[in-house]
S.K.: 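Below you'll find the structure I mean.
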Protein chains: 2
Amino acid sequence: MAGRAAEPEVIWARPERAGRGPKPAYSRSDIVAAAVRAADADGIDAVSMRRIAADIGCGTMSLYNYVPRKEDLYELMVDAVSAEYELSEPLGTSGGDWRADMIDMGRQARGILHRHPWVIRLMTTGYAYGPNALRFLEHCLGCLDGLDLPGGAKMELIASVNGTVMTIVANEIALAERARSLPWSGEQEQAVRGAYLMGQLAGGGYPRLAAVLATAGAEPLDPEEVFERTLGRVLDSFVP
Amino acid sequence: MAGRAAEPEVIWARPERAGRGPKPAYSRSDIVAAAVRAADADGIDAVSMRRIAADIGCGTMSLYNYVPRKEDLYELMVDAVSAEYELSEPLGTSGGDWRADMIDMGRQARGILHRHPWVIRLMTTGYAYGPNALRFLEHCLGCLDGLDLPGGAKMELIASVNGTVMTIVANEIALAERARSLPWSGEQEQAVRGAYLMGQLAGGGYPRLAAVLATAGAEPLDPEEVFERTLGRVLDSFVP
DNA sequence: CCGCACTACGTACGGTGTACGTAACTACGA
DNA sequence: TCGTAGTTACGTACACCGTACGTAGTGCGG
């Protein structure tokens, strides 16, 4: 019997190497790195077991010795990417300014999500408790050490910052990511959708929306500015 | 030549019925309704062209006369579901209290997302400008009519409310949705993951996290309470 | 009334995740 | 020390996916 039974398990609790058989020719991190590379280059849908196996240079089914199911590979990918956080030790980089620390975390998260847009799709499907996620949480709690807030509220603050960053970046990259799976270019898509929207607005059925987009939509707003402002608002909402 | 060329187009601009040939046997809304039913019942991954065709009672490829690509079907599904908003006419239900109106919108959004959890996956991939989305935006702007805020800020407020609701509900249903694609039950999954987490916390590597979860995690917190509190914070962050 | 755009549908292609069987190899228990 | 159990690698096969393409029939616009 080759594969182990389909018992409930968590990938993090599964040892990478069992003591018995021949030495594995590859490693779990090789596989995850290849998957991340593929997703960065061609989107999450391009991550297939066959492609990764080809990249690594092994047979497709050999991967299942390292990763029991593709879902687990996703989970490993998300955690691998959250290793990119630079978590200054032992506390925040600002020497006690929790607000600056959380803004730094938000900016870092934004950078990570821009480098790996597929993370958004994966994270909305659930997993967020790998080793690196735990280190991240612990670090954030450390930054909030001096803050006079109950523990639950601190967790909510961290979750709000993360969630806000994710939705903002999701908006920022929506068009670009969507264009990846389309048979035409992103510019064409934007043009066609813009034309449709303008046509609808010209119809007069949405007067307020038309007014807002006519004035505010005249010059496109700076993404950095929106990001900083929104993040600031989130923090203010916890400690005004 | 049967299919039309792969030119950039938006599903909303494509007329459902062209004047020339025989009367279509089905309708776009039939197909979308079947897709929504399938997604509600078995998750978004269960929505396949073959299954919908079987539900409808037609050949698989006939669907492509109504929906050029599956992505467009997704877009139609999202908009179909946003028709479930009850948008009181002509303004908010509260006679000028924008705060109550936006809270109502948030609660309705939460209900919709709980009824159709797959919407979260689809919306993070982009499309949000179908007819019902436009009606929703226009309505929200109407609710904010009396509010002294620039148009851009109003749009940010609406986006923040929507984004917040989405991330909250994503967390609320993460486990349940994840369990759908697993070969074991959600309870087993939760048990195994909880055990792993407890083991990690017991290791002493995450003292602050362990402390927070030990006190705050003793009795599980009420989702309604978290939702209302978070939503309130978002509104406060715009107009304190 | 003719022609053509449109409908419906079957077949087929290239892709997916992964169950299962086989053969080689190694570390442990006796 | 040696047999054997468990692990590794990998090929084959299955069921499913989206959809390109071809064909036949239908009914409106010129």
Side-chain angles (χ1 to χ4, degrees), chain A residues 1-7 11 14-28 30-31 35 38-39 42-77 125 180-184, chain B residues 1-7 11 14-28 30-31 35 38-39 42-77 125 180-184:
Chain A
M1 196 68 71
R4 70 178 59 187
E7 288 170 4
I11 184 67
R14 164 182 260 213
E16 175 154 9
R17 172 95 172 86
R20 228 22 166 326
K23 288 174 188 171
Y26 317 96
S27 82
R28 197 181 272 175
D30 287 340
I31 294 168
D42 300 316
I44 189 65
D45 289 332
V47 175
S48 76
M49 300 307 260
R50 285 173 176 82
R51 165 166 180 173
I52 296 169
D55 268 29
I56 294 285
C58 70
T60 304
M61 294 315 290
S62 304
L63 295 182
Y64 286 89
N65 289 319
Y66 301 85
V67 172
R69 292 164 307 111
K70 204 197 182 186
E71 287 267 308
D72 290 311
L73 178 58
Y74 287 153
E75 195 158 345
L76 290 167
M77 289 171 69
T125 327
R180 204 194 286 278
S181 68
L182 288 177
W184 49 74
Chain B
M1 197 70 67
R4 74 177 55 188
E7 289 170 4
I11 184 68
R14 164 182 265 217
E16 175 155 10
R17 172 95 172 87
R20 226 24 165 329
K23 288 175 188 171
Y26 317 96
S27 82
R28 198 181 270 175
D30 287 341
I31 294 168
D42 299 316
I44 189 63
D45 289 332
V47 175
S48 76
M49 299 307 260
R50 286 173 174 83
R51 168 168 176 172
I52 295 169
D55 269 28
I56 294 286
C58 69
T60 305
M61 294 315 290
S62 305
L63 295 183
Y64 286 89
N65 290 319
Y66 301 86
V67 173
R69 292 164 306 111
K70 204 196 182 188
E71 287 267 309
D72 291 311
L73 178 59
Y74 286 154
E75 195 158 345
L76 290 167
M77 289 171 70
T125 326
R180 203 192 289 276
S181 67
L182 289 177
W184 49 76

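Just so it is clear: chains get the letters A, B, ... in the order the sequence lines come, proteins before strands, and each one is counted from 1.
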S.K.: Hey, does the side-chain of B:R50 have a donor or acceptor N/O within less than 3.5 Å of a partner on the base of D:dT19?
M.R.: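 Counting by modelled atom types and ignoring angles, a donor-acceptor contact under 3.5 Å is found here.
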S.K.: Give, ordered by number, those residues of residues 58-70 of chain B having at least one heavy-atom distance below 4.0 Å to an atom of DNA chain D; if nothing qualifies, reply none.
M.R.: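 Contacting residues: B:T60, B:M61, B:Y64, B:K70.
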S.K.: Could you tell me the separation between the CG atom of B:D45 and the P atom of C:dG17, rounded to a whole number of Å?
M.R.: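 In whole Å, C:dG17 P lies 12 Å from B:D45 CG.
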S.K.: Would you mind reading off the distance between B:M49 atom CE and C:dC9 atom C1', rounded to a whole angstrom?
M.R.: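 Atom-to-atom, B:M49 to C:dC9, this comes out as 14 Å.
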S.K.: Can you check the B:R28 CZ to C:dC6 C1' distance for me, whole Å?
M.R.: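 Those two atoms, CZ and C1', are 15 Å apart.
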S.K.: Taking all non-hydrogen atoms of both residues, which atom of B:Y66 and which atom of B:P24 are closest, and how far apart?
M.R.: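 Shortest heavy-atom separation between B:Y66 and B:P24 comes out as OH-CB, 3.4 Å.
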S.K.: C:dT18 P sits how many Å from A:L73 CG, rounded?
M.R.: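 It works out to 10 Å between those atoms.
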S.K.: Taking side chain as C-beta onward, heavy atoms only, is A:I52 less than 4.5 Å from A:L73?
M.R.: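 Yes, their side chains come closer than 4.5 Å.
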S.K.: State, yes or no, whether a side-chain contact exists between A:D45 and A:R180 at a heavy-atom distance under 4.5 Å.
M.R.: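 Side chain of A:D45 against side chain of A:R180, heavy atoms only: no contact under 4.5 Å found.
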S.K.: Measure CD/A:E71 against P/C:dT16 and give the value in whole Å, please.
M.R.: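 Between P of C:dT16 and CD of A:E71: 17 Å.
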S.K.: Roughly, in whole Å, what's the span from CD1 in A:I52 to P in C:dG15?
M.R.: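 For the pair A:I52 CD1 and C:dG15 P, the rounded distance is 16 Å.
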S.K.: Quick one: on DNA chain C, does A:P22 or B:P24 contact a more 5' nucleotide (nearest heavy atom)?
M.R.: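 The 5'-side residue here is B:P24.
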S.K.: Over how many whole Å does the gap from A:D72 atom CG to C:dG17 atom P extend?
M.R.: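 Rounded to whole Å, this separation is 14 Å.
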S.K.: Identify the two heavy atoms, one from A:M77 and one from A:A39, that lie closest to each other, and give their separation to 0.1 Å.
M.R.: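 Shortest heavy-atom contact: CE-CB, 3.8 Å.
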S.K.: Do A:N65 and A:Y26 touch side chain to side chain, with heavy atoms closer than 4.5 Å?
M.R.: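 No, every pair of side-chain atoms sits at 4.5 Å or beyond.
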S.K.: Answer yes or no: is there an ion pair linking A:D72 with A:R14, defined by an N-O contact shorter than 4.0 Å?
M.R.: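 No, this pair does not count.
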S.K.: B:I56 CD1 to C:dC9 P: how many Å, rounded?
M.R.: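 Checked: the CD1 to P distance equals 12 Å.
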